[in-house]
Amino acid sequence: MSVLDTPVDAKIPDIGLESPPLSLSEMAWRRFRRHKLAIASSFLLLFLILFTFGGALIYSEADANFNDTTKRLQAPTAEHPFGTDTIGRDILARTIYGGQISILIGLTAVIVQVVVGVIIGAISGYYGGWLDSLLMRITEAILTIPTLFLLLVMAKFFSGKVPDLNFFGRTFSGSVVVIILIIGLTSWPRLARIVRAEFLALKENDFILAARATGTSNTQIMFKHILPNTVAPIVVTATLSVAGAIIFEAYISFLGMGVQPPTATWGNMITGATTYIEYAPWLWFFPGVLILLTVLSINFVGDGLRDALDPRSRPE
Amino acid sequence: MSKRNLFLLLAMILIFSLILAACQTAPPPDPDTPGDVVAPQEPVVDDDPVDDVVIEPEPETPGARKVATFIWTQEFDNLNPLYTNMWFSSITQQIWNASAWNFDIDNNPNPVLVTEIPSLENGGISEDGRTITITLRDDIVWSDNSPITSADFVFTYEMVTSPSNIVTTSYPYSLIEDISAPDAQTVVTVFEEPFVPWAASLWQFVLPEHVLRPVFDADGSIDTADWNLAPTVSAGPFVFAEWESGSYTRFVRNENFYDEPAKIDEVFFRFVPDDASQVAALRTGDGDLGTFISTADIPTLEAAGVEVFAVVSGYDEGWFLYFGEEAHPALADVRVRQAIALCFDRQSINRDLLLGLTEPAVTFWDNTPYANPNLSAWPYDPAAGMALLDEAGWVDEDGNGIREKDGIELTLIHGTTAREIRQDTQAVAQQNLAECGIRLDTLSYAPDIYFQSYGGGGPLPTGELDIGQFSSTEAFPDPDTSRWLCSEIPSDEYPDGINDQKICDEELDALFRLQSTQIDFEERQQTLWQIGEIMYENVYWLGVWQDLDTWAVSSRLSNVNISGASPFYSIAEWDIIE
Amino acid sequence: MTRYIIRRILQSIPLLFIISLILFLLLNNIGDPLTMMGGRNPTRPDDRARLARQLGLDKPVTTQYLYWLIGNDWTMIDVDGDGIPDIPGERLGVLRGDFGTSIVTRGKPVSEIIWDRIPNTLLLMVPAQIFILLFGVIVGVYSALRQYSWVDNAVTTLSFVGFSMPIFLIALLSIYFFSVLFQRWGLPNLPANGMFDPRVGKTAGQVAKHMILPLFSIAFIDIARYSRYVRSAMLEVMSQDYIRTAKAKGLKRYYIIFIHAMRNALLPIVTLVGLDLPFLLAGAVVTERIFAWPGMGRLFLDHLQRADGPVVMGIVMILAVFVIFSQILTDIAYAALDPRIRY
C-alpha cells in the first residue's frame, strides 16, 4: 500500500463510447490533443531543442569557448545578447552548448534508468521468490536514502575516475559520463516497481500461460510477450524522468560537484552565481530560466502522455 | 488504535519538533519541558546572557561595548592548535592564545612570551644549529591568573608527540631529540640535526598544563578534551566565551592579560557559507573584517567604504610540470617548457581576472628575502615561444593546429582543483597555448582528491596530468621545503613522497640540502637565490600569480595591522571608532 | 495492527543494514580526508602514516565497517606504529549509539555535531510544511469549488511551474528582488543570508526576519503542488454519493463542504505530509547553501567535500531511519483513518 494508489486526480477519459472503433494510437492522439498545455509545451520543447541544437549552426563551439578577459562580466548588449561571463565568454553561445549537454544528460540518464529499471522490475515480477525479495530490498534501500544526498555521495565517489571522452570531434568532460551514470543508477527504483507490478498482473494471463505451455523460453516471454504490454507506463515515467534528470544535474552542478568546466551545462553555468546575484544577474538568469522552461514543458508533455497512454494511472 | 489517539500522536510529534526547533531561539530552556527533550542544548549558552551582551551596554563601561565582528567563510574545525591545520582556525591563535613569538607586518619575528628571539649572538642558537634555547618572560600568566612556565612548554611537546593523541602534525617536534626545562623560565630543545626553519614552526602555540594534564591522565589522550572546543583558559589578549555550531564563536577581553589589555571588548566570529554572504555582511556594515575576498568583489567593497588590504602570505600559485616516466615526452625538453612560459599570457590573468592586485610570480618565494631580485617573470611572447618550439622540432605538419614530433601530438593535460579562478585560468591558458600550437586538455578535481599522494592515487604524482596548478608553501615565512628532493620522489616503495613532479636535478637537490643547514641568513639567502634561478631557467615551476591574502576591513576598525604569517599579531592594539 | 507494526519494524532492520553497507562502501572511496589535514600545506609523509594508523584508516574496509557497526572496545589497537597492539579501542559502534568521531572536527562525536544542526533545519522545515499545508488546502479547496474558473486554471498551471522550478532559481530570484532591488529602491529589504544579524543577536524577531526568504522559496515550490492534490481529492469526494445525499437532504453548503467533504478529502493529504517530510529535509541541501542557513544540509555538504566519512554516514543514516519511521507512521495513519484498510 502506498500513497501512489490514492485516488487524487480523476481524469477518466470519456471518449470512445459512441465513436466508431479507433486504433490505439488514434485514441492516444485524440486524448493527447485534448491536453492543451501539453500541445503548447510540445511546441515550446521543440523550440528549445531548435535553440540548443540549431543554435550550433550560428555559434560554433569555438565561439562558446572563446574568452577575452578584457570583456569580462559585461551586461547584455547587441553583441552579446545574454552578456559575458567571468572570463569574457559569450553566455548565449554557452547556453546553446550547455543546453545540448543538459538535454543529452537528461535523455541518456533516462536510458540508463529504463534499462536497469525494466530488467530489475521484469526479473523481480516474473520470477518472484527470493530473487524478488532481494531485488526489492535493494530497490527499497535506494528509495529510502533521500535522492540528492545519494547523488552527491556518488558524485564524489566517481569524481575524477572517468577520463575525458571524444565524440564526433568534441571533447566531453568525464564528469558528464559520471552524472549520467549516477542519475541513471539512482532513479531506476520507481520504474522497477511499476514494471514489477505490471509483470505480476500480467504473468498469470491466459496468453502467457499459453506461451509457457508451448515451451517459449522465459526470456522470450518476458521481453516479447509481457514487456510490450507495459510500454505505456514506462513511456510516461521515462518522459517525466527526463525532467527530473535535468533538474538533478542542475542541482549537483550548482553545488559544484557535477559537470566540470570546460564543458558547460546550464547547471554549472550557475555554480558561482551566488557571488554574482547582484552585479551580474545575467550570469544565472538565462541558464536558470532555460532549465525552468525545459523542465516545465517536459512535465506538461509527460502529463499529456499520461492522459493519452495510461489513463488509469494517476499523478503521484 | 482510534482516530483520536492517532491525531494526538501526530500532534505530539509536531509539537516535539517545534520544541526542538524552539530550543535554539529561546536561550533558557522551559523548566516545564521534559528534560530529555532539551538535552542537546549546549550548556555554555546558559551561563551567559548571550543575546544581551551583544546589544546592551555593560554597566561598568561608559558607552557601548566594542564588538568587532569578523566574517569567516569556514567554521573552525577545532580550536586546539594540535588538532587543526585549518587556516581560519590557526590564525586565531594570536587572538586568544599566545606563541613564543609572532611575525610582524614585515614578517620579522617579534617576541611575545619570550624575552628575545633566539640567535647565534645571544646564545639562543648553538653553533651547530642543533640546540635552541628560549627564555620566557617572568610576568606571563594564563587567563585564570596561574603563571605560564617552561613546564607548559614541555607539556606541549609531550602532547604533540604522544602516540595516543591524534594530532594533525607532529612537525617539528618529532625532530626533537631532547627537551629540558632547567628552570621555570628556560626551555632547551636539542634537535637530531641542525634545524634552520625553527622560527616558522617551533612554539607557535602553548597548552595550559594545569588544565589539560588532568584530562590526559584520566582519559589517556586529550583528543576529546573540552578545552579543544571551548578553550576557556588561554594566554592571549582575548579569551574564549562561546561557540554555537554553524553560527558564531565569541572571544571576550582577557581581563588578566599580562600585557596592555585589548582595547576592543569582544571579537565575534560569524560563520557564513560563501563569499557572497561575506561580502553582503561587510557591505551592510554587519561585519568589520573578512578575508579571502574574491577579486570580483573588491571594487564593490571599496565603493561601500570598506578598505581592502593585500597581504603577502607566501603562497604563490604556480604550474607544477610533471617529469615522471608517464609524462609527455615534450616536457623533457627545456625549450618546450620555456615556450609554455612564453605562450601563456599570465599578465592578462593578473591584470583582468585578479584586477591588477598581483603580478605573475617569478620564484616560489616571491615577496620574501629569498626571492632572487635579478629575475623577472617570463614575458608573454608567443612569437618567441613558437620559435623555440620550431627549434625543438615540434611543428604542425598535418595542419590541424597542433604541433607534433615523431608522430606524437603536443597535447598536454592540465589539472587543478574545482575553484572558479583556477578553472577560469585553465580556459584562458587553453586558448593562449592553442595559439602556439599546443593543445591543453583541462581537468578539475575536488581538492581532497586532487591533492592525494602517490599512494592514494593522486592525479599529479601518478602521472595522470602533465601540468598541475595550485599553491603551496611548506613553512612560510621560512623558505624550507623538501618538495624537490630526489629522495622525496614517490614510488611503490615510498608512496607518501611529496616530490609530486618527480623532478630529480642533482644540482638542485644538493642546493636544497645545503640551505636546510645554513644557519647564517646571508649564506642561506644566496643559496636560495641560486635555487630560484635554476628553477626559473628550467621552468620546473612556473608562477602564475602571487597569491596574496586579501583582507577587507571596515572603517570602524582603527589601528589595524595584518601580517602574512600571523595576521592578528597586533589585535590587542586594534580599536573601534564609531 | 500491532503485529503489522512489529513486522514493519523488523523488516526495516535488514533494510538499514543494506543501506549502511552501500553507503559505507561508497564513502570509503570519496576522497582522502588526510590530504586536507595539512591545511594549506601538503600533509607530511610521517604525519600521514601516523594519522592513518591512529584513525584506523589503514585497516581493511571490512574491519572499518565492523568497527563502525559494533565498535572496537573488544579489541586492542596499535597507536604507536610498532605493530604491537597497545591499548583497547574506545569506540562503541552504531548499534550502541556511537556514530564515531568526525575526522575533520576531531574531539566532537558525530551525533553531537548532527544534533547541533537538526533544530535549525527543523526550524525552517516545520514552518515551511505548515505553510505549504495551510495554503495548499485553502487554495486547493477553493479551486475545487470553482472548477475551471480562472483561479483554478491559474493554480493548475502554477502547480506545474512550481513543480518544475529548480529551487536555486526561485531562491536567486527572490534574493535579487526582495533583497537587492528593494535595497536599491530604498524600500525595506529582507536579509538574504544567515540566521540573524550578529549586531542584534539571536532574537526571535531576527530569526523570523531571516526565515522569510528561505520559507518563501521552499513554500513556493510545494504550495501549488499540494493545492493540486487537495483539489483533485476534493473533486472526487464531491462527486460521491454521500455528498449528493447530503445535498439532497438540504444540508447547508458550508456544512457539507467543511464537515463531510473536506474531512474525507484531507485524509490522503495527511499521509502525504508523512512521506514528504524527510524529503523536505533533503531539499535543505540547496536551500541552506544559498541562504547560509546553519542546518544539516550545509553540514552534509561541508563534510562531504572534506571526505569526512563518519559525519556524512551519520547524517544519511539518521535520514534513512527518519524516512522509514515516517513511512511506517504514514501506513499506520492511513489504516487508522481509512476504515476500509485492514492489515
Side-chain angles (χ1 to χ4, degrees), chain A residues 1-3 6-11 37 41 137-138 140-150 152-161 243 246-247 250-251 254-257 266-267 270 273-274 277-278 281 284-285 287-289 291-300 303 314-316, chain C residues 14-16 18-19 22-23 26-27 29-31 156-157 160-161 163-169 172-173 175-176 179-180 192 228-229 231-233 235-236 239 268 271-272 275 278-279 281-283 285-286 289-290 300-301 304-305 307 312 315-316 319-320 323-324 327 330-331 334-335 341 343:
Chain A
M1 187 219 87
S2 96
V3 164
T6 318
V8 266
D9 198 347
K11 278 200 184 122
L37 281 166
S41 296
R137 287 294 87 73
I138 294 173
E140 227 172 293
I142 294 175
L143 278 176
T144 305
I145 308 172
T147 317
L148 192 55
F149 284 72
L150 185 60
L152 289 170
V153 169
M154 288 179 76
K156 194 82 196 293
F157 180 83
F158 285 110
S159 74
K161 292 193 175 113
I246 290 176
I247 277 224
Y251 280 173
F254 172 76
L255 294 170
M257 296 170 80
W266 287 338
I270 309 182
T274 40
I277 295 178
E278 187 172 351
W284 50 267
F285 182 77
V289 166
I291 294 173
L292 174 62
L293 289 180
T294 310
V295 172
L296 184 63
S297 53
I298 294 174
N299 275 336
F300 272 127
D303 198 56
R314 321 266 177 231
E316 50 173 301
Chain C
L15 186 61
L16 283 170
I18 296 175
I19 294 173
I22 296 175
L23 278 175
L26 285 175
L27 289 174
N29 282 296
I30 56 164
T156 309
T157 314
F160 271 91
V161 174
F163 193 68
S164 312
M165 176 72 89
I167 189 143
F168 54 74
L169 184 61
L172 290 170
L173 282 172
I175 292 175
Y176 188 66
S179 191
V180 175
R228 199 152 175 273
Y229 285 121
R231 172 184 176 272
S232 25
L235 281 178
E236 172 146 334
S239 65
T271 63
L272 195 64
L275 289 186
F279 294 96
L281 284 184
V285 179
V286 181
R289 166 82 174 65
I290 297 180
F300 174 81
L301 275 181
L304 181 65
Q305 265 149 15
V312 175
I315 293 175
V316 185
L319 279 177
V323 171
I324 292 175
Q327 275 171 355
T330 308
D331 283 359
Y334 204 70
I341 300 220
Y343 291 104

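Per chain, numbering begins at 1; letters A, B, ... match sequence-line order. Small disclaimer: the values here were computed from a predicted structure and weren't measured.
Neither the backbone nor the side chain of A/Ala243 comes within contact range of chain C, judged by heavy atoms closer than 4.5 Å. Within the 4.5 angstrom heavy-atom criterion, atoms from both the backbone and the side chain of C/Leu304 approach chain A. At a 4.5 Å heavy-atom cutoff, the contact between A/Leu150 and chain C is made by side-chain atoms alone. For chain C, the nearby part of A/Ile270 is the side chain; its heavy atoms alone come within less than 4.5 Å. Heavy atoms closer than 4.5 Å to chain C are found in both the backbone and the side chain of A/Leu255.
Taking both residues in full, the closest heavy atoms of C/Leu169 and A/Gly288 are given as CD2-O, 3.3 Å, listed atom of the first, atom of the second, then distance. Heavy atoms only, all atoms of each residue included: C/Leu15 and A/Ala141 are closest at CD1-N, 3.4 Å. Contact between C/Ile315 and A/Phe149 at its shortest, heavy atoms only, is CG2-CE2, 3.9 Å. The minimum heavy-atom distance between C/Ile30 and A/Val153, with the atom names listed, is CG2-O, 3.8 Å. Of all non-hydrogen atoms in C/Pro166 and A/Ile291, the two that sit nearest each other are CG-CG2, 3.7 Å. Between A/Leu292 and C/Val161 the shortest heavy-atom distance is CD1-O, 4.0 Å.
Expressed to the nearest 0.5 Å, how far CD1 of A/Ile277 lies from CD1 of C/Ile175 amounts to 4.0 Å. The CZ atom of A/Phe158 sits 10.0 Å away from the CG atom of C/Asn29 when rounded to the nearest 0.5 Å. How far CG of A/Leu143 is from CD1 of C/Ile19: 9.5 Å, rounded to the nearest 0.5 Å. The CE atom of A/Met154 lies 10.5 Å from the CG atom of C/Leu23; values are rounded to the nearest 0.5 Å. In this structure, A/Asp303 CG and C/Phe160 CZ are separated by 3.5 Å, a value rounded to the nearest 0.5 Å. C/Ser164 contributes atom OG, which lies 9.5 Å from atom CG of A/Leu293 (distance to the nearest 0.5 angstrom).
Chosen from A/Ile138, A/Thr294, A/Leu296, A/Ile142, the residue pairing most often with chain C at heavy-atom distances under 4.5 Å is A/Leu296. Of the listed residues A/Ala250, A/Gly256, A/Pro287, the one with more heavy-atom pairs under 4.5 angstrom with chain C than any other is A/Ala250.
With A/Tyr251 contributing its side chain and C/Ile167 its backbone, the two residues share a donor-acceptor pair below 3.5 Å.
Between C/Phe168 and A/Trp284 there is no side-chain heavy-atom pair separated by less than 4.5 Å. Side-chain contact between A/Lys156 and C/Val312: absent, with no pair of heavy atoms (C-beta onward) separated by less than 4.5 Å.
With sequence neighbours left out, A/Leu37 forms a side chain to side chain contact (heavy atoms under 4.5 Å, CB included) with A/His35, A/Phe300, C/Thr157. Remark: A/Glu140 engages A/Arg137 in a side chain to side chain donor-acceptor pair (under 3.5 Å) (not counting sequence neighbours).
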